Amino acid sequence: MRIFVGNLSRDVTDQDLQAAFESFGSVDSATVVKDKFTGESRGFGFVEMPAGAEAQAAISGMNGKDLKGRAVNVNEARPREDRGGGGRGGGFGGGRAGGGRSGGGRRY
């Protein structure tokens with residue numbers, strides 16, 4: 001089972017995450033997601049646990065617990081949404097078409 005872990009402190013490492021979840025059972029992987037440009041933590045990560053019962057125990061046991069100074073949010077990870085243009089309109093901003101001031105109504 002894939003588990004989402006949010007509200008991570010910036011100094012939590014993959015090893016810290018794995019160690020925290022190993023107390024509940026076997027951990028296949030633990031990854032803190034990092035910014036691809038700066039290499040800094042984005043404040044969340046994922047843990048893979050093969051046994052469903054152990055994963056559920058980890059979710060219950062870790063949610064709200066302190067990990068390096070922050071109470072983490074833990075729940076079952078949802079599948080990634082398709083970024084192929086279906087969800088939010090293809091990435092174009094929208095908003096106002098014009099550029100700012102219309103000039104109407106002000107007198108100096």
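Note that the structure is predicted; figures quoted are calculated from it, not measured.
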Please confirm whether the backbone N or O of Val27 pairs with a side-chain atom of Glu48, one donor and one acceptor, at under 3.5 Å? no
Hydrophobic cluster membership, with links at side-chain heavy-atom distances under 4.5 Å among I/L/V/M/F/W/Y: are Phe46 and Leu67 in one? no
Closest non-hydrogen atom pair, Ser9 against Ser41: O-OG, 4.3 Å
Looking at every non-hydrogen atom in both residues, tell me the closest pair between Val72 and Val74 and how far apart they are. CG2-CG2, 3.8 Å
How close do Ala71 and Gly64 get, counting heavy atoms only, and between which atoms? CB-O, 3.6 Å
May I ask you to test the Asn75-Ile3 pair for a side-chain heavy-atom distance under 4.5 Å? no
I would like to know whether Lys34 and Asp14 meet side chain to side chain contact (heavy atoms under 4.5 Å, CB included); could you show each step before the answer? CA-CA 11 Å; Lys34 295 183 173 43; Asp14 295 350; 4.1 Å; yes
CD (Gln18) and OG1 (Thr31) are apart, to the nearest 0.5 Å, by 9.0 Å
Rounded to the nearest 0.5 Å, what separates atom CD1 in Ile59 from atom CZ in Phe21? 8.0 Å
Could you give the distance from CG (Leu8) to CZ (Arg42), rounded to the nearest 0.5 Å? 12.5 Å
If every non-hydrogen atom of Val32 is compared with every non-hydrogen atom of Val12, which pair is closest and at what distance? CG2-O, 3.7 Å
Given the rule in the side chain to side chain contact (heavy atoms under 4.5 Å, CB included) test, do Val5 and Asn73 qualify, once you have shown the distances and angles that lead to the verdict? CA-CA 6 Å; Val5 186; Asn73 300 321; over 6 Å; no
Greater than 12 external heavy atoms within 6.0 Å of Lys65's NZ: no
If you measure from CE on Met1 to CE on Met49, what distance do you get to the nearest 0.5 Å? 9.5 Å
For Asp16 and Lys68 the tightest heavy-atom approach is OD2-NZ, 3.0 Å
Could you state the interatomic distance from CE (Met62) to OG (Ser23), rounded to the nearest 0.5 Å? 7.0 Å
Could you report the tightest heavy-atom contact between Arg70 and Asn7, atom names first, then the distance? CD-O, 3.3 Å
